[in-house]
Amino acid sequence: MTPLRDLRTAVEDASAALRSDEAKQPGALPAVERPKRDGFGDYSTNAAMLLAPSVGKPPREIAERLGEELSNRLGDSLVRFEVAGPGFLNLFLADDWHATALAEVLAAGDAFGAGGADPAERILVEFVSANPTGPVVAASGRHAAFGDALARILAHHGHEVAREYYLNDAGSQIRKLGESVRARARGEAVPEGGYEGDYVLDIANALPNAAEEDPDVLAQAAVALMYERIKVTLLRFGVHFDRFFSEKTLYEGDPTPVQRAYAELERHGHVYRSDGALWLRTTAFGDDKDRVLERSNGEPTYFTSDVAYLEDKRERGFQRQIDVFGADHHGYVARLKAAMEALGGDPSTLEILVMQFVHLVERGERAAMSKRRGIFNTLDELIDDIGVDAARFFMLQRSHDTTVDLDLDLAREQTNENPVYYVQYAHARIASVLARAGEARVAEALAAVAAGAASEGTTALEPAERALIKKLIAFPDEVAEAAERRAPHRIAAYALELAQDFTAFYRDCRVVGAEPASVESFRIALSVAAQRTIAQALGLLGVSAPTSM
RNA sequence: GCGCCCGUAGCUCAGUGGAUAGAGCGCUCGCCUCCGGAGCGAGAGGUCGCAAGUUCGAAUCUUGCCGGGCGCGCCA
C-alpha cells in the first residue's frame, strides 16, 4: 500500500457509503488527482460528479456529504475540504500525512513503485529485430531504447518479462547480402537491390576466398559477423536480449516449427490451396486479403516464418506477446493478429506497438537514410556523438506513435538546455549534499524519520517540501500507467518533473545546517528519497544516475 | 482509392471526459557573500487543423472534411 492508494481507497469507500443510501449502481471509479492549482488543495476528486446521476442530487451537495464522510474516515489527516466548481471535492492534508508518506516511501526502498501488476503475466517483448544485413542504424536505437525500457518497466510493475530479437538469418535479403559481398570481393558493382555500404567491403575483406565462395555460404558467414557486431552495439547501448531467435531454426528439426504451425492452422481449418500456393484465410479474422504461406514454387514466405515464430512463442508459454514494429510494417498488424486467431489463440494477447520514425536533425536539417544505399547513421556513431544517456533519454521522451525529430545540437549540449543532464545533475547534487551531511548523520536522519520522530516537530512544512513529497508518492502510479499503457515516455516526463521539484526544494529549503535538528533530519531523509526515486526512474529508462558529473 | 498513425506555443512534444490547456528549447527582463550557477525567478507567446454531433462538461469520444507520414506483392 502507498499513501496515495490509501487515500484513493478512502474516497472509494466514502463514495460507496453514499451510494448505498440511495442507489446501487457502481459507476466509474472516481479519480483522485493532483489539481492544477495549489489553491485547489493537495488532492481533488470528481467522485461527487460521477455519483450525481445515480444519487439524483446536485453534485455540489453530494460533494459536501462526501467531504464529511471522508473527514470521519481520515481524522486529523484531513485538515479541511472544499467543494469547488461544478462539484469537485478538494482535500487539504496535514503535514503529518505528508511526513508519514515520506516514511513509507523510504521504507519501500528499491521496491518503491513495484509490483502493481494485476494479474502478473509472463510477457515476451520482441524488438529491434533488424535484418542482420548491416550495422544497427540510429533509427533502430529508438526501438532498442523503447523495447528495453518497456521491458524494465513491465518487470518493475511485477510481470515476468523476456526480451527477444528475431534474427532474420534466412530468406532472400540474406542471399542478396551474400551476393553483394562476393561482388565487392571481386571489385564488381553489387547486384540490383544489393547492399552498397562500405561495411560490405569490410565483410568481404574479412572473409577469405570471398571472391570465389558460394553466395549462400558467404551470406551465412556475413550474417554471423553482422550478428556479433549488432550484439556488441546493443550491449553498449545498455540493451541485453535474453535470446536472439534465429529464423533459420524455424525450418530445422523434425517436425520443424513451421510444420507444427501448419498443422495447427490446418487443425483449425484455415488453410487452403489455390493457384498452386498454400494460403491462410486471414480474411476470416478481419484481414483485408488472404495471405500466402507457401508460394507455388514451394518456397515459404516471410509471413510463414512470422506465423511459426508466433506459434513457437505460444508453445513456450508466454501469456502475452508484445512486438515492437517499425511504422513501415504496420500493414502486418492485421494479418498477424488474424494468424494468432487462426492458430486458436486470443488476438488480444498479441500486442503490436508501431514505432513511428525518428529523424536525426542537425542545424535544422534531417539526415537522409537508406540501409541498402549505404546512407545512414549507425547507432554506434550516434552514441559516439551524444552518448548513451542522451540518446536513450531523447528517444524515450516521446510517445512511440509520434514521429520524432531528434535535435543533435541540443542532445550534444552538456548544459541546462539538455533535459537529461538536468535530471542527472539533480541526482549528483543530492549526492553532494548528502556527502556534506556525512554518512552517520544521514543514517541517523533516516532512523528518525522512520521512527516518526522528525514528523513531530512543530515546524510547519514548507510548500516546496510538500510538493516534493507529493511528487515522490506519485511514482507508483506513474510506473503503473507507463506499464499498462506501454508508455515509457511518461517515466521520462516524471523524472524531469521530479528533478524540478527537488531543485525548487533545494532552492527554498536549507538542508545541511537546518534547525532544529528534526527539520534537518526530515530534509536529509527527503533528499534521500528524492535521490533514490530519481535513480529508479532513470534506471527504468536505462539512463545512468551519476553521483558526480 | 483503401487502411494505420499524426495535426496542441516560434521549434520539439506532453496531456485517452473535468476547474484558468502544460513542459523543454528559443525569446525578453532579473538573480552568483548562500549545502554543486551544469542553476534559479518573472514575462511575452494558443481559434488545441476545420466543421458538425454526443453531455452538466470535449484537446480528449463519434462522423465528415483539410494537411502530413507510412503501408497496400506468391518481396523482406
Side-chain angles (χ1 to χ4, degrees), chain A residues 28 31 33 35-37 39-40 44-46 49-50 52-53 58-59 84-88 90 131 133 168 170-176 193 247 274-279 287-289 291-306 326-334 352 354-357 359 361 364 394 397-407 409-410 413-422 424-426 428-437 485 487 489-490 492-493 496-497 500 503-504 506-514 520 523-524 527 548-549:
Chain A
E33 52 194 13
K36 288 172 188 165
R37 305 182 52 174
F40 293 158
S44 75
T45 177
N46 62 350
M49 289 180 282
L50 297 178
F88 289 102
N90 297 335
N131 285 353
T133 51
N168 294 101
S172 62
Q173 291 308 309
I174 299 303
R175 210 167 303 134
K176 275 272 183 339
E247 179 185 5
S274 176
D275 301 329
L278 188 67
W279 298 72
D287 197 6
D288 48 13
K289 57 183 77 161
R291 306 293 169 178
V292 171
L293 288 167
E294 194 179 282
R295 293 189 269 257
S296 47
N297 66 6
E299 292 283 312
T301 62
Y302 178 83
F303 180 56
T304 304
S305 300
D306 280 343
D328 51 344
H329 282 69
H330 74 257
Y332 286 78
V333 174
I352 299 171
V354 176
M355 291 289 294
Q356 297 300 321
F357 295 140
H359 301 104
V361 176
F394 270 69
Q397 261 188 302
R398 311 309 183 195
S399 163
H400 70 85
D401 58 12
T402 185
T403 55
V404 165
D405 285 347
L406 197 168
D407 184 341
D409 298 310
L410 176 61
E413 290 291 332
Q414 301 199 3
T415 69
N416 60 340
E417 293 171 0
N418 189 335
V420 67
Y421 283 94
Y422 182 88
Q424 291 180 316
Y425 180 76
R429 179 185 254 172
I430 297 171
S432 168
V433 170
L434 295 177
R436 182 169 286 262
R485 290 169 52 177
H489 72 276
R490 291 185 147 257
L496 195 56
E497 289 165 13
Q500 282 169 333
T503 302
Y506 176 83
R507 180 190 67 237
D508 294 345
C509 304
R510 180 82 201 179
V511 179
V512 178
E520 186 189 49
R523 290 180 180 169
I524 287 173
S527 299
S548 70
M549 299 172 66

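As the structure is a prediction and not an experimental result, all values here were calculated from the model. Residue numbers begin at 1 in each chain, while the letters A, B, ... track the order of the sequences.
We find that CG of A:L50 is positioned 13 Å from P of B:rC56, with the value rounded to whole Å. Atom CZ in A:R398 sits roughly 4 Å away from atom C1' in B:rC13 (whole-Å rounding). Rounded to an integer number of Å, the gap from A:H489 NE2 to B:rG15 C1' is 9 Å. The separation between A:H330 atom NE2 and B:rC2 atom P is 15 Å, rounded to whole Å. When rounded to the nearest whole Å, the span between OH of A:Y422 and C1' of B:rG37 equals 12 Å. Atoms NZ (A:K176) and P (B:rC75) sit 12 Å apart, rounded to a whole Å. Atom P of nucleotide B:rC35 and atom OH of A:Y425 are separated by 10 Å, given to the nearest angstrom. Per the geometry, NE2 belonging to A:H329 stands 18 Å off P belonging to B:rC5, to the nearest Å.
At the heavy-atom level, A:T503 lies under 4.0 Å from the strands shown only through sugar-phosphate atoms. Across all strands, A:D508 comes closer than 4.0 Å to no nucleic acid atom at all (heavy-atom distances). Here A:A428 lies in heavy-atom contact (under 4.0 Å) with a base. A:N46 comes within 4.0 angstrom of a base, heavy atoms only. Residue contacts for A:A84: at a heavy-atom cut-off of 4.0 Å it reaches a base atom on one of the strands shown. Using a 4.0 Å heavy-atom distance criterion, A:R510 is classed as a base contact. In this structure, A:S399 reaches the sugar-phosphate backbone alone: every heavy-atom distance under 4.0 Å involves primed, P, OP1 or OP2 atoms, never a base. Backbone-only engagement by A:Q500 is indicated by non-hydrogen atom pairs under 4.0 Å involving sugar-phosphate atoms exclusively. Within 4.0 Å of A:V404, counting heavy atoms only, lie sugar-phosphate atoms of the nucleic acid but no base atom. Within 4.0 Å of A:S432, counting heavy atoms only, lies at least one base atom of the nucleic acid.
Checked against side-chain contact (heavy atoms from CB on, under 4.5 Å), A:L496 has the following partners two or more places apart in sequence or in another chain: A:P419, A:Y422, A:V423. Listed by chain and number, the residues in a side-chain contact (heavy atoms from CB on, under 4.5 Å) with A:R398 are A:R142, A:T402, A:V404 (sequence neighbours excluded).
B:rG1 and B:rG64 have their P atoms separated by 14 Å, with the value rounded to a whole Å. For the P atoms, the distance from B:rG7 to B:rG49 is 7 Å, rounded to whole Å. Across the P atoms, B:rG41 and B:rU54 are found 45 Å apart, a figure rounded to whole Å. Only the C1' atoms considered, B:rA44 is 16 Å distant from B:rC25, to the nearest whole Å. Remark: the separation of the C1' atoms in B:rC31 and B:rG68 is 44 Å, to the nearest Å. For the C1' atom pair drawn from B:rC72 and B:rU12, the interatomic distance equals 31 Å after rounding to whole Å. The C1' atoms of B:rC50 and B:rG67 are separated by 11 Å, rounded to the nearest whole Å. When the C1' atom is used for both B:rC65 and B:rC74, the distance is 38 Å, rounded to whole Å.
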### Task
Go ahead and write out RNA chain B as dot-bracket, 5' to 3': ( ) for pairs within the strand, [ ] for ones crossing earlier pairs, | when the partner sits on another strand, dots for unpaired; Watson-Crick or G-U wobble, both distances under 3.5 Å.
(((((((..((((....[...)))).(((((.......))))).....(((((..]....))))))))))))....

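The side chain of A:H400 contributes no N or O atom lying less than 4.0 Å from OP1 or OP2 of B:rC5. A:Q397 has no side-chain polar atom (N or O) that falls below the 4.0 Å cut-off from OP1 or OP2 of B:rA23. Dashed line: the shortest gap from a side-chain N or O of A:Y421 to OP1 or OP2 of B:rG37 is not under 4.0 Å. Between A:R490 and B:rA23, a side-chain N or O to OP1/OP2 separation shorter than 4.0 Å is absent. Residue A:R485 places at least one side-chain N or O under 4.0 Å from the OP1 or OP2 atom of B:rU16.
With RNA chain B read from its 5' end, the first of the two nearest nucleotides for A:R436 and A:E33 is the one closest to A:E33. The residue among A:P35 and A:N168 whose nearest nucleotide of RNA chain B is located toward the 5' end is A:P35.
Out of B:rC13, B:rA19, B:rC35, the shortest distance to the side chain of A:V511 is found at B:rC35. For A:V433, the listed nucleotide lying nearest its side chain is B:rG36; candidates were B:rG36, B:rC13, B:rU16. Nearest to the side chain of A:S172, among B:rC75, B:rC35, B:rA14, sits B:rC75.
Between A:F357 and B:rG69, no base-stacking contact is recorded for ring centres under 5.5 Å apart and planes less than 30° from parallel.
Taking all atoms of both residues into account, the shortest heavy-atom contact from A:Q397 to A:H489 is O-CB, 3.3 Å. The two atoms that bring A:V292 and A:T304 nearest to each other are O-OG1, 4.5 Å, heavy atoms only. Residue A:A334 comes nearest to A:D287 through the heavy atom pair CB-OD1, 3.8 Å, listed as atom of the first residue, atom of the second, then distance. Of all heavy-atom pairs between A:L434 and A:S527, the closest is CD2-CB, 4.2 Å. In terms of heavy-atom proximity, A:F394 sits nearest to A:D407 at CE2-O, 4.5 Å. Heavy atoms only, all atoms of each residue included: A:P59 and A:A52 are closest at CG-CB, 3.9 Å.
Under the 4.5 Å side-chain criterion, counting only non-hydrogen atoms from C-beta, A:F357 is in contact with A:D328. Using a 4.5 Å cut-off on side-chain heavy atoms (C-beta onward), A:S296 and A:D275 make no contact. Taking 4.5 Å as the limit, every side-chain heavy atom of A:T503 sits out of range of all side-chain heavy atoms of A:Y425.
Under the 3.5 Å distance criterion, the side-chain polar atoms of A:H400 are matched with a main-chain donor or acceptor of A:V354. Judged by distance alone, with hydrogens and angles left aside, the side-chain atoms of A:E520 form a donor-acceptor pair with the main-chain N or O of A:G513 at under 3.5 Å. Between the side chain of A:R510 and the backbone N or O of A:V512, at least one donor-acceptor pair lies under 3.5 Å.
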Taking only N/O atoms, report every protein-nucleotides 41-44 of chain B pair under 3.5 Å with atom names and distance.
{"from": "B:rG41", "atom 1": "OP1", "to": "A:R507", "atom 2": "NH1", "distance (Å)": "3.2"}

Between N or O atoms, less than 3.5 Å apart, protein on one side and nucleotides 72-74 of chain B on the other: list the pairs.
{"from": "B:rC72", "atom 1": "O2'", "to": "A:K289", "atom 2": "NZ", "distance (Å)": "3.4"}
{"from": "B:rG73", "atom 1": "OP2", "to": "A:K289", "atom 2": "NZ", "distance (Å)": "3.2"}
{"from": "B:rC74", "atom 1": "O2", "to": "A:S296", "atom 2": "N", "distance (Å)": "2.8"}
{"from": "B:rC74", "atom 1": "O2", "to": "A:S296", "atom 2": "OG", "distance (Å)": "3.1"}
{"from": "B:rC74", "atom 1": "N3", "to": "A:S296", "atom 2": "OG", "distance (Å)": "3.2"}
{"from": "B:rC74", "atom 1": "N4", "to": "A:D275", "atom 2": "O", "distance (Å)": "3.0"}

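Side-chain contact check for A:T133 and A:Q173: no donor-acceptor pair (N or O, by modelled atom type) lies under 3.5 Å.
Among residues at least two apart or in separate chains, salt bridge (charged side-chain N to carboxylate O under 4.0 Å, His left out) pairs with a member in residues 292-301 of chain A are A:R273-A:E294.
Glycosidic conformation, B:rC50: anti, with the torsion outside 90° of 0.
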